[in-house]
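Let me begin by presenting the structure, written as structure tokens, before commenting on it.
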2 protein chains.
Amino acid sequence: MSIASRKEREKADMRARILSAAHDIFKENGYDGLNIRSIAERIEYSPATIYLYYKDKNEIFFALQYEAAAAKRDHLLPATTIEDPWERLIAFGRLYVDFGLKHPDWYDLLFLTRAPMEHIENQECWTLGMATHSFFVETVEACVAARYFKSTDSATIAYTLWCHAHGMVSLFVRERMRMYPAEVRGELAKKSFEMIVKMAESL
Amino acid sequence: MSIASRKEREKADMRARILSAAHDIFKENGYDGLNIRSIAERIEYSPATIYLYYKDKNEIFFALQYEAAAAKRDHLLPATTIEDPWERLIAFGRLYVDFGLKHPDWYDLLFLTRAPMEHIENQECWTLGMATHSFFVETVEACVAARYFKSTDSATIAYTLWCHAHGMVSLFVRERMRMYPAEVRGELAKKSFEMIVKMAESL
DNA sequence: TTGATTCACTAAACACTGTTCAGTAACTTT
DNA sequence: AAAGTTACTGAACAGTGTTTAGTGAATCAA
């Protein structure tokens, strides 16, 4: 038993070390600079060894996506303690955009990377992401319940607000705001956020 | 002179044939399936020949992006003839989203592909895309001039509406709407569009 | 303890990418 | 006809993800 459990521990350790190396490389060079050989080099093993612990690169991708989802959840945490649903919703949105602008790589990994989305529903990162998303939807529902909106279609309200926030971040992350000088982009995002809040107040 | 001009014509022809092959492959297999060798095979030349007509893959990418921008402009064309700025704005938005949902590959190429954005300002596709974007901004300005909004910050209004539309399309294109069953996604997009129109009316 | 078995690991390869370069054969000029 | 230019290609390089055969060490059974 002892040997078996030790081996199990060692296996888990190795997986963790691989992921940690992948994490570091990703943070340093982005997803493009992340490849099997660079991970192998960093942990001082041969590339083939990686495949004894992860089925393929996608599995590492999912694991990294989990880290990104966790980072996002942590970033949004301060909003969860706000009592008033409307204030909570605004704080949540502000933190969401803030997360995207501050950690474009993480955001990219979560929402923009073209990657093995086929069976993501079975992955832990999906569960974590869904929990965060549910919190957002529930906050909108709480606003509806508290009659902050005339509309009662909380699903559409949540989706609409999400689209706006995601649109802002992803235009920024994927560098599609080059028609605006770099200096004004932050200001524009801020103004647009305030505008969507105003717009939401009329819902 | 005759020979020189013939050669020039042949050069242009070859460039067109390469681009046409790239276009077809892109349409069939997406950007992932598009590679130099597949283009070479289709036009029945060696891969090295491609490089006599295009500096590198990026140049082909820009050329394709131009085609995507042209397809988008054509798709949006019906909106341009609408007199009333508010109606024109709504039609424009509807067609924009419609284009993205109908041609996710083109949309991806234009707004989501992580690609050589460094010097895009010097490319034709940028000019074309800017023209379309300017038309959108001008329509918002026309709405402001005609007092359709209380707010006069047309830049922020345009940006906010764009973010929402782009957010909708890109969540769809990059498959981040898996929490909603595939059947309801279209309906949700429609409802959200109507909602943002309602919200804009209150601006 | 010894011989058999399993395990962790790796070198080397394969099949793909984008890209370059030396060489060749045809076309054009003199 | 000789010289020069042009269009093209085979073969290679370097960089990806991934597989496979093999090796030496750890573990197990006797």
Side-chain angles (χ1 to χ4, degrees), chain A residues 1-19 21-23 25-26 28-65 109 113-119, chain B residues 1-19 21-23 25-26 28-65 109 113-119:
Chain A
M1 270 298 110
S2 161
I3 287 179
S5 71
R6 193 204 75 215
K7 292 215 169 181
E8 216 168 293
R9 203 175 345 112
E10 282 175 352
K11 190 123 190 164
D13 281 358
M14 189 64 146
R15 274 180 71 94
R17 283 169 61 200
I18 291 170
L19 190 61
H23 178 113
I25 293 165
F26 177 78
E28 285 164 28
N29 310 327
Y31 194 69
D32 290 345
L34 180 65
N35 60 61
I36 301 293
R37 280 172 181 80
S38 68
I39 298 173
E41 196 180 354
R42 187 166 295 227
I43 63 169
E44 296 177 291
Y45 281 82
S46 89
T49 304
I50 309 284
Y51 289 87
L52 301 174
Y53 298 90
Y54 286 92
K55 192 177 134 286
D56 53 26
K57 206 190 171 185
N58 285 350
E59 218 171 278
I60 298 175
F61 168 80
F62 282 134
L64 270 182
Q65 215 175 34
L109 206 57
T113 301
R114 191 181 229 163
M117 284 293 126
E118 302 94 41
H119 302 104
Chain B
M1 270 300 109
S2 163
I3 288 178
S5 71
R6 193 204 76 215
K7 293 218 169 179
E8 216 167 295
R9 203 175 343 113
E10 283 175 352
K11 190 122 189 165
D13 282 359
M14 189 62 148
R15 273 178 71 94
R17 283 169 63 202
I18 291 170
L19 190 60
H23 178 114
I25 293 164
F26 176 78
E28 286 164 26
N29 309 325
Y31 193 70
D32 291 344
L34 179 64
N35 58 61
I36 301 293
R37 280 172 180 81
S38 68
I39 298 173
E41 197 180 355
R42 187 165 295 225
I43 61 170
E44 295 176 295
Y45 281 82
S46 88
T49 302
I50 309 285
Y51 289 87
L52 300 174
Y53 297 90
Y54 286 92
K55 191 178 133 288
D56 54 25
K57 207 190 171 187
N58 285 349
E59 219 171 277
I60 298 175
F61 168 80
F62 282 135
L64 270 181
Q65 215 175 33
L109 206 55
T113 300
R114 192 181 228 165
M117 285 291 127
E118 301 93 41
H119 302 105

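Residue numbers begin at 1 in each chain, while the letters A, B, ... track the order of the sequences.
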(Q) Rounded to whole Å, please give me the gap between CD1 in A:Ile60 and P in D:dG17. (A) 9 Å

Q) Hey, does the side chain of A:Tyr54 reach the backbone of A:Arg15 with a donor-acceptor pair shorter than 3.5 angstrom? A) yes

Q: Using atom CG of B:Leu52 as one end and atom P of D:dT5 as the other, report the distance to the nearest whole Å.
A: 18 Å

Q. Expressed in angstrom and rounded to an integer, what is the separation of B:Arg9 atom CZ from D:dA7 atom C1'?
A. 17 Å

Q) What are the two closest heavy atoms between A:Ile18 and A:Tyr53, and how far apart are they? A) CD1-CB, 3.7 Å

Q) Is the shortest side-chain N/O distance from B:Tyr53 to OP1 or OP2 of D:dC8 below 4.0 Å? A) yes

Q: Search all heavy atoms of A:Ser46 against all heavy atoms of A:Ala40 and return the closest pair with its distance.
A: C-CB, 3.7 Å

Q.
What's A:Tyr54 touching, base or sugar-phosphate or nothing? Going by heavy atoms closer than 4.0 Å.
A. nothing

Q) How long is the line joining CD of A:Glu59 and P of D:dG17, in whole Å? A) 15 Å

**Q.** Enclosure of A:Glu44 CD (heavy-atom neighbours >12, cutoff 6.0 Å)
**A.** no

Q: Scan B:Thr49, B:Leu19, B:Ile60 and name whichever one has a side-chain contact (heavy atoms from CB on, under 4.5 Å) with B:Ile39.
A: B:Ile60

Q) In whole Å, what is the span from the CD1 atom of B:Ile43 to the C1' atom of D:dA7? A) 13 Å

Using atom names, set out every protein N or O paired with an N or O of nucleotides 19-22 of chain C below 3.5 Å, distance rounded to 0.1 Å.
{"unit_1": "C:dT19", "atom_1": "OP2", "unit_2": "B:Tyr51", "atom_2": "OH", "d": "2.8"}
{"unit_1": "C:dT19", "atom_1": "OP2", "unit_2": "B:Lys57", "atom_2": "N", "d": "2.9"}
{"unit_1": "C:dT19", "atom_1": "O5'", "unit_2": "B:Tyr51", "atom_2": "OH", "d": "3.3"}
{"unit_1": "C:dT19", "atom_1": "O4", "unit_2": "B:Arg37", "atom_2": "NH2", "d": "3.3"}

(Q) Are the side chains of B:Met14 and B:Arg17 in contact, using a 4.5 Å heavy-atom criterion? (A) yes

(Q) From OH of B:Tyr45 over to P of C:dT24, roughly how many Å is that when rounded to an integer? (A) 21 Å

(Q) As a test of understanding, state which of A:Lys57, A:Gln65, A:Glu59 forms a side-chain contact (heavy atoms from CB on, under 4.5 Å) with A:Phe61. (A) A:Gln65

Q) Between B:Ser46 and A:Asn35, which is nearer to the 5' end of DNA chain D once each is assigned its nearest nucleotide? A) B:Ser46

Q. Rounded to whole angstrom units, what separation is found between the CD atom of A:Glu41 and the C1' atom of D:dT16?
A. 15 Å

(Q) Tell me the interatomic distance from B:Asp13, atom CG, to D:dC8, atom P, rounded to whole angstroms. (A) 12 Å

